[in-house]
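We're numbering straight along the sequence, starting at 1.
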Amino acid sequence: MSYSSVAPFVKWAGGKRQLLPQIKARMPERYGNYYEPFVGGGAVIFELLPAKALINDINKALINAYRHICNEPEAFLKVVNKLDEEMLKRTEALSKGYYYSLREIYNDKLMREEYDVELAALFVFINKHCFNGLYRVNGKGLFNVPYNNSRRVSVDEKAIMGISEYLQGVTIISGDFEVACKHAGKDDFVFIDSPYAPLNPTSFESYTKEGFDIESHKRLAKLFEELTARGCYCMLTNHNTELINQLYANRGYKIDVVSVKRMINSDASNRVGEEVIICNY
């Protein structure tokens, strides 16, 4: 691998780019295989570039993009560049309608479960041109984020080729987080960036229609305990909330509180928050 790190190809809610220095400072000195059961935009794995890795996410459209960038980067780039060219042919006023027409095509393909290279390209294009790079779906599982009025290109070709080269040695799966960690064993490292526990306990939302509720957080805490018993090095990040502290306190884990900027909050006074980094070593 000729890269010290590669840039993620999508922006993702709760992405860990700003926490990378704190995460790297807390990494185990040595570890075996790397597991990331909630890969999202991949900020951590693309910074670390571990030699033996497995990534997973329940979002099938996201994993479809990883797979096509891995297996056929040239075909992916051809489609996404065509989407960009078509947008740039249009005036700013007409670009909005173009975005919404592509969003409709994307949702149609989702409903038909057409996980092909066109869906991968549409996924990345929409991520780059939707409001705040948010991935949000309605109750039917349809993507519903509005246009962000940008006309920038969707990808950096060199970065895509670097990602593709790195992913050749990575196992890419989509499913439940417990299944993703099934084979993690002694001295393996598991980085867990699960969907955030809400700051307001009454509002559980998620970026997939499946949702990630309180029971899911409890199940994840149980898995963290099981992985610890197996001898895995585990690191988990989440909001510094009462729920998360209840689930992981008094178990011998190291819990560090760190300050973060929350870019998505529309109220500037609420853009500084706290997260926890929990390690079992």
Side-chain angles (χ1 to χ4, degrees), residues 4-5 7-8 11-50 53-58 177-178 180-181 184-201 204-207 212 214 216-265 270-281:
S4 57
S5 67
K11 183 179 176 183
W12 208 248
K16 288 294 168 282
R17 289 190 213 195
Q18 65 170 307
L19 271 185
L20 284 173
Q22 290 95 323
I23 289 168
K24 289 173 76 175
R26 291 166 174 80
M27 293 283 297
E29 284 185 27
R30 294 186 187 82
Y31 57 89
N33 299 313
Y34 176 95
Y35 289 83
E36 193 165 346
F38 304 92
V39 70
V44 176
I45 191 171
F46 289 146
E47 177 69 21
L48 300 174
L49 300 179
L54 178 148
I55 58 173
N56 172 77
D57 204 281
I58 202 166
F177 60 85
E178 280 194 74
C181 298
K186 185 172 170 54
D187 296 332
D188 288 341
F189 177 62
V190 186
F191 177 69
I192 302 169
D193 181 27
S194 60
Y196 280 138
L199 298 171
N200 175 358
F204 262 95
E205 293 179 12
S206 181
Y207 63 79
F212 202 85
I214 290 175
S216 299
H217 280 286
K218 288 179 178 175
R219 190 160 60 90
L220 180 59
K222 186 169 179 287
L223 176 65
F224 196 96
E225 198 174 338
E226 289 172 5
L227 291 169
T228 300
R230 284 189 225 165
C232 300
Y233 298 112
C234 299
M235 182 189 294
L236 179 142
T237 59
N238 213 298
H239 282 325
N240 184 23
T241 67
E242 189 178 342
L243 171 67
I244 295 300
N245 280 281
Q246 282 175 351
L247 289 173
Y248 294 93
N250 304 316
R251 296 181 180 275
Y253 306 144
K254 191 172 189 293
I255 303 178
D256 294 336
V257 178
V258 294
S259 295
V260 292
K261 289 179 184 174
R262 295 209 176 101
M263 308 310 289
I264 289 171
N265 200 306
N270 290 329
R271 286 184 187 163
V272 177
E274 289 183 343
E275 295 197 9
V276 288
I277 301 177
I278 302 172
C279 299
N280 68 351
Y281 51 90

Quick one: pull up OG1 in Thr228 and OH in Tyr233 and give me the separation to the nearest 0.5 Å. 12.0 Å
Look only at the side chain of Asp57 and the backbone of Gly40, and say whether a donor-acceptor pair between them is shorter than 3.5 Å. yes
Is any NZ, NE, NH1 or NH2 atom of the basic residue among Glu36 and Lys16 found under 4.0 Å from an Asp or Glu carboxylate oxygen of the other? no
Is a donor on one side and an acceptor on the other found under 3.5 Å between the side chain of Gln18 and the backbone of Lys261? yes
Going from CD on Glu275 to OG1 on Thr241, what distance comes out if it is rounded to the nearest 0.5 angstrom? 10.5 Å
Applying side chain to side chain contact (heavy atoms under 4.5 Å, CB included), run through Phe38 and Leu220 and close with a yes or a no. CA-CA 11 Å; Phe38 304 92; Leu220 180 59; 4.1 Å; yes
Are side-chain heavy atoms of Ile278 and Ile244 found at a separation under 4.5 Å? yes
Assess the residue pair Ile55 and Phe191 against the criterion (side chain to side chain contact (heavy atoms under 4.5 Å, CB included)); give the C-alpha distance rounded to whole Å, side-chain angles, the decisive distance to 0.1 Å, and a yes or no. CA-CA 10 Å; Ile55 58 173; Phe191 177 69; over 6 Å; no
Checking Asp188 side chain against Gly185 main chain: does a donor-acceptor pair fall under 3.5 Å? yes
What class does the angle between the rings of Tyr253 and Phe224 fall in, given that below 30° is parallel, 30 to 60° is tilted and above 60° is perpendicular? perpendicular
Can you check side chain to side chain contact (heavy atoms under 4.5 Å, CB included) on Arg30 and Asp187, steps first, answer last? CA-CA 8 Å; Arg30 294 186 187 82; Asp187 296 332; over 6 Å; no
For the residue pair Tyr31 and Phe189, categorise the inter-ring angle as parallel (less than 30°), tilted (30 to 60°) or perpendicular (more than 60°). tilted
Can a donor-acceptor pair be found, under 3.5 Å and without considering hydrogens, that links the side chain of Asn238 to the backbone of Ala197? yes
Quick one, Ile277 and Val258 - any side-chain contact, counting heavy atoms below 4.5 Å? yes
To the nearest 0.5 Å, atom OH of Tyr281 lies from atom CE of Met235 at 3.5 Å
Determine the interplanar angle of the Phe177 and Phe212 rings, folded into 0 to 90°, and report it as parallel if under 30°, tilted if 30 to 60°, perpendicular if over 60°. tilted
Any idea which heavy atoms bring Cys181 and Arg230 closest together, and the distance? O-NH1, 2.9 Å
About how many Å separate CD1 of Ile45 and CG of Asp193, when rounded to the nearest 0.5 Å? 12.5 Å
For Arg26 and Gln22 the tightest heavy-atom approach is NH1-O, 2.9 Å
Closest heavy-atom pair, Pro8 versus Gly41, reported as atoms and distance to 0.1 Å, is CB-O, 3.2 Å
What's the spacing between Asn33 CG and Leu54 CG if we round to 0.5 Å? 9.0 Å
State, to 0.1 Å, how close Cys234 and Asn280 come at their nearest heavy-atom pair, and which atoms those are. N-OD1, 2.8 Å
Mind running side chain to side chain contact (heavy atoms under 4.5 Å, CB included) on Ile23 and Val44 for me, showing each step along the way? CA-CA 8 Å; Ile23 289 168; Val44 176; 3.9 Å; yes
Between Ala184 and Val190, what is the shortest heavy-atom contact and its length? CB-CG2, 4.1 Å
Identify the heavy atoms of His217 and Ser194 that sit nearest to each other, and give their distance. CE1-OG, 4.2 Å
d(Leu227 CG, Lys186 NZ) to nearest 0.5 Å is 13.5 Å
